[in-house]
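Computed from heavy atoms alone, side chains included, the values below leave out hydrogens, waters and symmetry copies. We name chains A, B, ... by the order of the sequence lines, and we start the count at 1 in each one.
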Protein chains: 2
Amino acid sequence: MAHGGKPRPMKGIRQLAEHLDISIGTVSRALNGKPDVNEETRKRVLAAAEQLGYVANQSGRSLRQGTTNVIGLMIQSSRETVENSDNFFLTVTGGLQSVFSRHKLDLIMLPCPHDEDPYEYLKRMVARRVVDALIISETQRVDKRFDLLAKAKIPFAALGRSLSGTQHPWADLDFDGVVNCAVDRLVAHGHRRIAVSAPSSDINLGFVFLEGYRRALERHGIAYDPALVIRAKSSEQGGYQVADELLSLENQPTAVILIYELMAIGFYRRVMEAGIIPGRDIAVVSFREAPRAKFLQPALTCFRTSVHDLGVELAEILLSSMPAYSQEYPRKTRQTVWPLELIPGESDAFQLKTAK
Amino acid sequence: MAHGGKPRPMKGIRQLAEHLDISIGTVSRALNGKPDVNEETRKRVLAAAEQLGYVANQSGRSLRQGTTNVIGLMIQSSRETVENSDNFFLTVTGGLQSVFSRHKLDLIMLPCPHDEDPYEYLKRMVARRVVDALIISETQRVDKRFDLLAKAKIPFAALGRSLSGTQHPWADLDFDGVVNCAVDRLVAHGHRRIAVSAPSSDINLGFVFLEGYRRALERHGIAYDPALVIRAKSSEQGGYQVADELLSLENQPTAVILIYELMAIGFYRRVMEAGIIPGRDIAVVSFREAPRAKFLQPALTCFRTSVHDLGVELAEILLSSMPAYSQEYPRKTRQTVWPLELIPGESDAFQLKTAK
DNA sequence: CATAGTATCGTAAACGTTTACGGAGCGCGT
DNA sequence: ACGCGCTCCGTAAACGTTTACGATACTATG
């Protein structure tokens with residue numbers, strides 16, 4: 001195009017309309033795919049918009065139609081979380097986006113500052129009306145945020161199950177099934193004294209995990225021994241500490257289930273300092289398979305899942321609860337327990353000699 | 001307060017004004033701390049706003065004053081990035097927020113979808129005017145985004161240095177200084193054949209790193225051997241691959257510098273499979289100390305820095321380039337090379353026998 | 001030809017906020 | 001009494017967009 005039209009930064013839809021000698025309303029309809037506009041003029045409008053680099057001002061649009069086309073993912077970057085969350089959030093974000101982008105929805109991450117109360121932060125974000133819907137993560141055993149969002153009538157889903165009475169959409173990893181599988185496998189290898197590392201049971205994950213552990217033991221007729229349940233952070237340091245405490249026990253376990261794969265690094269280090277070889281003298285099983293698991297020595301047996309696909313699921317759950325999209329994502333149930341798959345390693349690949 | 005005023009969700013500033021029998025303009029001024037309003041009425045307004053839970057609608061405000069009070073941190077969650085970034089971004093986010101929150105600025109993270117061109121994504125975000133300023137990360141050797149942001153006249157800073165001609169604010173880890181320090185240390189321990197893992201030199205980091213490596217060798221009068229430079233991903237898998245390629249060399253190195261701490265896990269595994277013990281037969285030094293480094297076996301020697309404080313620095317750099325804040329953050333230079341500190345481990349704690 | 005229907009477009013009113021402008025009241029000095 | 005400055009507040013116009021409504025021209029139908 002040799003004539004006129006320098007592609008300078010557009011000011012607004014008004015300039016675009018003037019440039020086309022079309023009314024501002026028609027331009028808007030053309031851009032938004034409304035039916036009552038000539039296909040011919042629509043083409044012209046789209047071409048001009050592309051050429052002049054016009055993109056609708058989000059504030060104006062949101063103000064008018066009360067919607068932002070943005071979905072927020074709130075994360076609490078607490079100190080502990082930061083150390084553990086690893087790339088979990090970034091990966092799940094990819095899954096979320098792969099769904100949202102089909103509907104021209106943008107995802108933004110809302111990191112709650114360390115020094116701000118998550119509840120207050122969320123309240124602020126909701127009141128500002130900067131997102132159409134929300135995904136909240138790291139749900140607590142009792143979490144005021146559920147009520148807040150329900151009262152504000154803003155659609156939301158949780159990454160992490162809820163055990164409270166309120167019924168809202170969530171998706172979560174199947175820690176219950178996984179701990180069952182782990183115990184079964186260890187018992188089949190001859191183990192009877194199986195230790196676990198557990199996070200705080202304030203958080204839903206911890207509660208579910210411990211309950212599953214209890215029931216699994218019960219199923220095999222193994223007595224529950226509180227001494228074998230070690231509270232520790234889900235970090236390398238935490239794994240080191242777990243090993244440390246277990247080593248100080250009189251009646252030591254022959255197997256351990258770690259709740260987070262990073263812990264294995266510290267655990268390995270500590271027991272090997274005591275001359276105990278994982279995968280020979282003690283069995284180790286863990287969750288949340290990460291690329292590093294198979295490079296540890298011995299390779300760590302753990303449970304894999306596609307965190308990306310979990311994000312996809314969560315996105316669909318959320319959309320199914322939003323009026324504007326619910327008919328596209330019909331659902332019977334809005335709570336999903338996400339399965340994991342066992343990846344055998346070397347860390348538990350031995351049969352316990354039933355000497356004792 | 002026993003009478004009236006049910007704390008229902010506010011509709012807007014108009015309702016708040018009616019409830020107070022004050023004009024809407026005065027209410028706005030009171031809330032925004034404008035000078036020409038009676039201290040008495042300001043108190044009343046603030047109290048009522050608090051009680052009724054009024055928070056200004058962001059869209060309306062942005063539309064009027066052309067500013068959003070939001071700063072965006074764009075991250076590219078490419079496949080490779082996700083695997084490597086670890087909690088880097090979340091940690092730096094904490095540092096950014098600790099500064100921004102003092103100015104009532106909110107930080108949101110803008111994750112560019114895998115399947116979208118980062119340039120196009122950024123263009124979209126800029127055009128939508130949803131942020132006042134931007135921080136971009138993972139800058140490429142040549143990165144069109146600089147020009148885009150400059151032309152759009154939107155303040156920005158980069159997490160990662162720029163080697164292009166344009167002068168814009170950035171902060172970056174001192175990979176140059178760090179590789180020098182690593183080489184010095186290894187040479188002092190008697191090493192002459194020092195291998196490195198290098199990322200692609202498209203990315204600035206890779207380029208800086210390799211240049212530093214070259215100069216350090218030169219300073220010690222050691223010839224540069226291309227065979228000792230292994231391109232690999234910054235992951236466990238990449239570390240494994242580095243070891244694999246080095247083992248196949250005729251003239252094997254006695255030391256290796258890994259660019260990312262995760263790689264050590266795969267590296268350890270591979271060399272130990274060949275009967276080579278890190279910290280005894282080969283020295284290993286790495287960057288980006290993570291909590292796991294000291295739990296590896298042997299504990300990894302690597303370089304630590306406070307990523308949080310890097311975020312603080314970057315935030316101040318950005319604010320200093322924003323007209324509204326620049327007098328609060330006066331600066332001579334807007335480019336910062338962020339230092340790292342050596343944390344000695346066991347992985348290079350031996351003196352090379354100069355037999356050969 | 002008259003009428004109804006359809007396709008396309010222009011007009012103007014919202015959305016919630018900020019802010020320039022002016023006005024009212026008051027004190028004070030001349 | 002008058003004017004001036006100051007403090008405080010109300011009015012109304014913007015910001016950029018969407019959309020309900022009506023207007024116009026044209027087509028089909030009687």
What are the atom names and distances for every N/O pair under 3.5 Å that joins the protein to nucleotides 20-27 of chain C?
unit_1	atom_1	unit_2	atom_2	d
C/dA20	N6	B/R29	NH1	3.3

### Message
Of all nucleotides in DNA chain D that come within under 4.0 Å of a heavy atom of chain B, which is furthest toward the 5' end and which toward the 3' end?
### Response
D/dC8 to D/dG16
### Task
Mind checking salt bridge (Lys or Arg N to Asp or Glu O under 4.0 Å) for B/E40 and listing every partner two or more places apart, or none if nothing turns up?
none
### Query
Any side-chain heavy-atom pair from A/L134 and A/L110 closer than 4.5 angstrom?
yes
### Task
Give a yes or no on this: more than 12 heavy atoms of other residues, nucleotides or ligands lie within 6.0 Å of atom CD of B/Q327.
yes
### Query
Given the side-chain rings of A/H19 and A/Y54, with only the six-membered ring counted for Trp, is the space between their centroids under 6.0 Å?
no
### Query
Which pair of heavy atoms, one from A/W170 and one from A/G160, lies closest together, and at what distance?
CB-O, 3.6 Å
### Task
Go through the structure and list residues passing salt bridge (Lys or Arg N to Asp or Glu O under 4.0 Å) with B/R61, not counting sequence neighbours.
none
### Message
So B/I22, base contact, sugar-phosphate only, or nothing? Heavy-atom distance under 4.0 Å.
### Response
sugar-phosphate
### Task
Of all the heavy-atom pairs spanning B/A133 and B/M322, show the shortest one and how long it is.
CB-SD, 3.7 Å
#### Entry: Flag, side chain of A/N57 to backbone of A/S59, donor-acceptor distance under 3.5 Å
yes
### Query
Distance check: side-chain N/O of A/S23 vs OP1/OP2 of C/dG10, anything under 4.0 Å?
yes
### Candidates A/V99, A/I317, A/V92 - the one meeting side-chain contact (heavy atoms from CB on, under 4.5 Å) with A/V312
A/V99
#### Entry: Overall bend - the helix from C/dC1-D/dG30 to C/dT30-D/dA1, comparing terminal axes fitted on five pairs, nearest 10 degrees
60°
### Task
Using a 4.0 Å heavy-atom cut-off across all strands, classify B/S62 as base, sugar-phosphate, or nothing.
nothing
### Message
So, using ring pair (Phe, Tyr, Trp, His ring centres under 6.0 Å) as the criterion, who are the partners of B/Y119 when residues are at least two apart?
### Response
none
